[in-house]
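The structure appears below as structure tokens.
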Amino acid sequence: MVICLVASACGSGIITADSIVPTDTKQSKFSATNSIQVNTSTPTIPIETATPTEEPSIEIVVERNPVDSSMVKGVEPAVPLKLDENGNIIGLPPNASQAWANKLKAFYNAVIKKYPTSEIYLDVDVSSNCYVIIILMGGTVFYQTFKNQDGNYVYSNFPSSFENVDNQLELSGDYKPIKIPNTSLGVIWTDGIPQLLANYVELPNGETYFTHYMDYSGVWDFNAYPWKEVTGFQEIMASFPPIEMDIEPIYTQTTEYEYMGVKISAELVVDESALPGLSKVTIPHPTYAEYISRLLFYVWWVRGNIKHTVTPTDVDFRDFMMMWSKAQESGDTFDWEKVQINDIWANDLGDGLGYIQKAIKIWPMYSGIATEGVLPIEKLTITFVGYSKSEYVTLYSAGFTGDGSGTNYSDQVLYLYLFNQDFLSYNVYLKSLVARIMTGASWWLKSNKGEGTMYPPTDAGEKSQYNLLIYGGLTVN
């Protein structure tokens, strides 16, 4: 939908409302220097105006240029439109006119009539005096599409459009869901044409950016992902710590130890969220190095380049450690591919998208540049987190519902978050709880597919991990 404020451009059907003056920068999307004039019939930009039951007309899509970081710096997110209990639009500046509020309510009701469970957002370009309505539903944007000459659905210039039917505003056009990186949306404008943005982030220095922009050049498909990363944003991000890193360690054990010829680099961290039940976990370096080695071995056994279907033995473990040691010594790609671990579902702590997992391939305990598509992991950090730090973990959907795990990474460190809702409630059984949670780590890495999970069963390998920790010097406080 486009709403233009220039009377000579809007044509007939103009409804005039009073000027809106912003009360602060957050409300500037509602501001205008001229009186607001709303076109409810023929918009100035060629957009889809057919009724939902008609075939959309052919539209010439405006070609958009790539978006760089300078274009999205400081751009405010689109403003949500909501009604209060009395049916009035809320969130407008105090001096917004009643006529404009009524018009926004008409847009809102037109969308809700067609999509009752949707969320509705407004964005305005003050320089061109144009507005858009954005429709979100089910974690997607319901975007206006039309059929091109090849019969494929493509994206319209504007995300939505409206028309008058029997003196009532109705949503018009054909809409298709498109996946988005994050529910925070914004818009930049070029000559009155909107460019959708996604994933609004604030950096530690207070600067704000959107990280992705919509690419309109492809054909619509539900599995398509028409979003590209803003050029230059990663370089800006690289100068800051991971923006999703929420760990506040109260105790850290660092282990640098050579076990069976393999240099193991690992940390054991207790986050402040584990207080007051858990404040310190220590494991002797030889024991912790063996635990990490066996953890990665059990995962490699089912996620390596060679698939195994039988239960591994100590001989298999020894053979793996020999291959791993050789890979560290030679640095040869051929050797590293033998111990490569595939399909680890993890969240990138530096992308600003929140806890969104994707499958990655890793070379464990590798320093340097790996083969394209493989993430080199120099260190594995196991972190115990409690109730207030569940944002970057997956809570188990059945069984022990107070537990969960999360796999995250930043640079060349893999972070394995081990979650318990209330460490304090276990009291005298705390050592057993910690060992049990650590025992389930290999199951988690093997079984996680980025969705809710059941509590892990205890197989032979994981039981040996439990005994290793209990009798190998694990202490908790």
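Model, not experiment: these values are computed from the prediction.
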With no hydrogens and no angle check, is any side-chain donor or acceptor of [X] less than 3.5 Å from a backbone partner on [Y]?
X: Gln328; Y: Lys263; result: yes
X: Glu244; Y: Gly352; result: yes
X: Lys389; Y: Asp246; result: yes

Pair [X]-[Y], side-chain donor/acceptor within less than 3.5 Å:
X: Ser161; Y: Gln144; answer: yes
X: Ser367; Y: Glu378; answer: yes
X: Thr282; Y: Tyr288; answer: no
X: Tyr298; Y: Ser464; answer: yes
X: Ser405; Y: Tyr396; answer: yes

Charged N-O contact under 4.0 Å between Asp332 and Lys326: no

- request: For the pair Asn305 and Glu337, evaluate side-chain contact (heavy atoms from CB on, under 4.5 Å) and give the outcome as yes or no after the intermediate values.
  value: CA-CA 7 Å; Asn305 287 333; Glu337 287 176 344; 4.0 Å; yes

query: Around Asn467, counting heavy atoms of other residues, nucleotides and ligands shown, do more than 12 lie under 6.0 Å from its CG?
result: yes

Whether over 12 other heavy atoms sit under 6.0 Å from Lys179 NZ: yes

task: Decide yes or no on side-chain contact (heavy atoms from CB on, under 4.5 Å) for Gln421 and Leu395, but give the supporting numbers first.
output: CA-CA 10 Å; Gln421 184 171 277; Leu395 301 179; over 6 Å; no

field: Val281/Tyr251 under side-chain contact (heavy atoms from CB on, under 4.5 Å): CA gap, chis, key distance, verdict
entry: CA-CA 8 Å; Val281 176; Tyr251 180 80; 5.7 Å; no

task: Check ring-ring contact (aromatic ring centres under 6.0 Å, His included) between Tyr392 and all other residues, then give those that pass, not counting sequence neighbours.
output: none

Test side-chain hydrogen bond (donor to acceptor under 3.5 Å, both in side chains) applied to Thr255 and Gln253, step by step: CA-CA 7 Å; Thr255 294; Gln253 172 185 310; 3.1 Å; yes

task: Test side-chain hydrogen bond (donor to acceptor under 3.5 Å, both in side chains) on Glu256 and Ser265 and set out the steps.
output: CA-CA 5 Å; Glu256 301 286 344; Ser265 179; 2.9 Å; yes

message: Run the side-chain contact (heavy atoms from CB on, under 4.5 Å) test on Leu81 and Ile133 for me, step by step, so that the C-alpha distance in whole Å, both residues' side-chain angles and the decisive distance to 0.1 Å come before the verdict.
response: CA-CA 9 Å; Leu81 294 183; Ile133 295 290; 3.9 Å; yes

- prompt: Which of parallel (below 30°), tilted (30 to 60°) and perpendicular (above 60°) describes His308 and Trp301?
  reply: parallel

- request: May I ask you to decide if the ring planes of Tyr143 and Tyr155 are parallel, tilted or perpendicular, using 30° and 60° as cut-offs?
  value: perpendicular

- request: For Ser217, check side-chain hydrogen bond (donor to acceptor under 3.5 Å, both in side chains) against everything at least two apart and list the hits.
  value: Asp215

